[in-house]
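First comes the structure, then the notes that go with it.
Computed from a prediction, not measured in an experiment: that's the story for all the values here. A note on names: the letters A, B, ... follow the listed sequences, proteins ahead of strands, and every chain is numbered from 1.
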2 protein chains.
Amino acid sequence: MDGKVTIREVAALAGVSPSTVSRVLNGNHRQHMTPTTRDRVYAAIDALRYTPLSSARSLRRQRSHVLAVVLPDISNPFFSLLARGVESVAFGQGCSTMICNSDHSLDKERHYLEILLAEQALGVVYIPTSTPDEPGLSRLARSGARLVVADRFVPGFPSVRADNVGGSRALAEYVLSCGYRRIAYLAGPETVSTARERLQGFREALDAAGACPVTVKHGPFTCEAGYELSIELARSARVDAIVTANDMMALGALRALEDANIPVPNGVGVAGFDHTPWTTYLRPQLTTVEVPALQIGEVAAGQLLSEATEDACLPTRLIEGETCLRCR
Amino acid sequence: MDGKVTIREVAALAGVSPSTVSRVLNGNHRQHMTPTTRDRVYAAIDALRYTPLSSARSLRRQRSHVLAVVLPDISNPFFSLLARGVESVAFGQGCSTMICNSDHSLDKERHYLEILLAEQALGVVYIPTSTPDEPGLSRLARSGARLVVADRFVPGFPSVRADNVGGSRALAEYVLSCGYRRIAYLAGPETVSTARERLQGFREALDAAGACPVTVKHGPFTCEAGYELSIELARSARVDAIVTANDMMALGALRALEDANIPVPNGVGVAGFDHTPWTTYLRPQLTTVEVPALQIGEVAAGQLLSEATEDACLPTRLIEGETCLRCR
DNA sequence: TTGTAAGCGTTATCAG
DNA sequence: CTGATAACGCTTACAA
């Protein structure tokens, strides 16, 4: 009964031509039409529960209504929140959201970029795993897909991200103000702009205070990396604070210090970055910097759909938790 | 140069007809073809970097290669992990994954079900927010979409879920074995099968032990609900353990007890359900039941793609954390 | 303001 | 084993 109703049956029922039905649906606001016909068309549409077939529409228009989010790991709370921001805006504008989980694999990421080409995606929110796939990206852009990089910086493409430098600087200043001096920094991967920006902000603050980091170590944005690197630090015992490039690494650091029987924040202070939603439930509460993941997703999707993609820098906010003790 | 290469150009370059190219791509394993032509076609395909257009293919085939996941909240770690399971299997089979975030709204969920009709989705992994949208579901099924319910039970549809009853029973037995006797149960929404099953398992265990719950309260699967309900319990001070229907509620309970200055696990024991990934990082570690979210997603997607949808019940596992003290 | 008709890129049917 | 041809359902010039 339903399921195979096309624009022709709607047209027939309304006593008009298919093109008229199409015009009603796509509200070509230039063209005006008799209110009577328009009403008849609408009546027929919901009498038959008609929904235009996406594939036919996309084929004709040479463009789908799919918004894609390419990200390293959808099960990472930060990215899933960002994805939710994208989805919510997309849905509001009648678009579908495709998830492209690159799984931290450049290959899978590349593969997805090609799929999006075939999909004729309307827009893509792209969070590169590490070094972005430039050729894939520009191929996509040339094909007419709108493109915005999120949470990362890629030269030549508009990017929506948080104020990593400023946030990191503020955090470092706070850590210094707590009295910590022998600070180690666990940076993320050198290939990720976000990591570089956070390191930069950290360095700026220390420089300004005439201090310098005891050590800076790079590693992936994971708990495990945070743990391993911190274990080494705990052994050498020369640090009084560990500042990390994201909350995951901070978590690893906390576990490492726990295993080494070093009290936090009195023995060693710890700070993270991102304010991953559930970290609020940790005890002691993690000192970190809030990055508005949801909002990044919303802004990115909004730009895509308004056809006005441009760089945007969203403010971050220091979260004074309990892993750095002021005036200890 | 690329971006507008169609099957015709590939055919031209390979010196064959479009149909032959199509046959090569869709490997009609009934039809055999000269290895020579097949090789020429492949050569042309990657010389031109040809990728068939999804919309054209879907229009012709009357079926897309999209796998959709309809879920209440993608930013909930449990669901995002499940979604990742779906995506990983889908990707492996050349399918795209669409995220349909119902945002706990029946309306949005219904809307998405219609969109999936228009999208001619190949398959749908459906996690209803509460009462499932039966008409929408059967319309979708009648349209030819493969359908599997995940993490919930909906009569008349195959469902992939965890052994909630058994897991909950085991958990309750464990809590009893710890010596807790005045146990309150914070159940999820009455409309959600998962919540009902967990409550059932809990009841079975208590019955078998000749005990009975001090109280059973229903509420949404949220931290806030867990907090509010626990605050009331803390006031009445008649309970020595709070068992909740999921980890979120357990988290709320922990905060409420903290605010009421009641020590966990000595004053009151707490237990959750799901083993949401990051709960490992809580201190004290949450006593809970592991539900294999990733695997549920993988199995559901696997069934969809193998065209063999059937009920599946995945095993759960008790996680002895630190919020219930054995032999206290 | 509305209708006619062509064609988007693929695949399935049917001949050869 | 391969090629011509006709759709799939929709939108958009172009006519009327």
Note to self: Output one letter per nucleotide in nucleotides 4-9 of chain D: B when a protein non-hydrogen atom lies under 4.0 Å from the base, S when only the sugar-phosphate is that close, - when neither is.
What the structure shows: B-BBBB
Check: Roughly, in whole Å, what's the span from CG in A:Asp39 to C1' in C:dT2?
Finding: 16 Å
Check: Under 4.0 Å between a side-chain N/O of A:Thr20 and OP1 or OP2 of C:dG3, yes or no?
Finding: yes
Next item on the list: Identify whether the distance between the nearest side-chain nitrogen and carboxylate oxygen of A:Arg196 and A:Glu190 falls below 4.0 Å.
Entry: no
Note to self: Using 30° and 60° as the class boundaries, would you call the ring planes of A:Phe91 and B:Tyr112 parallel, tilted or perpendicular?
What the structure shows: tilted
Checklist line | Check: A:Tyr126 ring centre within less than 6.0 Å of A:Phe157 ring centre | finding: no
Next item on the list: Decide side-chain hydrogen bond (donor to acceptor under 3.5 Å, both in side chains) for A:Thr36 and A:Thr34; before the verdict, give the C-alpha distance in whole Å, the side-chain angles of both, and the deciding distance to 0.1 Å.
Entry: CA-CA 5 Å; A:Thr36 336; A:Thr34 322; 5.5 Å; no
Note to self: Whole angstroms only, please: what is the CZ-C1' distance between A:Arg40 and C:dG3?
What the structure shows: 14 Å
Checklist line | Minimum heavy-atom distance B:Pro72-B:Pro128, with the two atoms named | finding: CG-O, 4.4 Å
Margin query: Under 4.0 Å, counting only non-hydrogen atoms across every strand here, what does A:Ser58 touch: a base, just sugar-phosphate, or nothing?
Written below: nothing
Notebook entry, point to check: Do you know which two heavy atoms are closest between B:Thr194 and B:Asp151, and how far apart they sit?
Noted result: OG1-O, 2.5 Å
Notebook entry, point to check: Does the pair A:Glu197 and A:Arg161 meet the rule for a salt bridge (charged side-chain N to carboxylate O under 4.0 Å, His left out), with working shown?
Noted result: CA-CA 11 Å; A:Glu197 291 174 356; A:Arg161 56 200 204 285; 3.0 Å; yes
Check: Could you give the angle between the helix axes at the two ends of the helix from C:dT1-D:dA16 to C:dG16-D:dC1, with five pairs per end, rounded to 10 degrees?
Finding: 30°
Checklist line | ring pair (Phe, Tyr, Trp, His ring centres under 6.0 Å) partners of A:Phe153, counting only residues at least two apart | finding: none
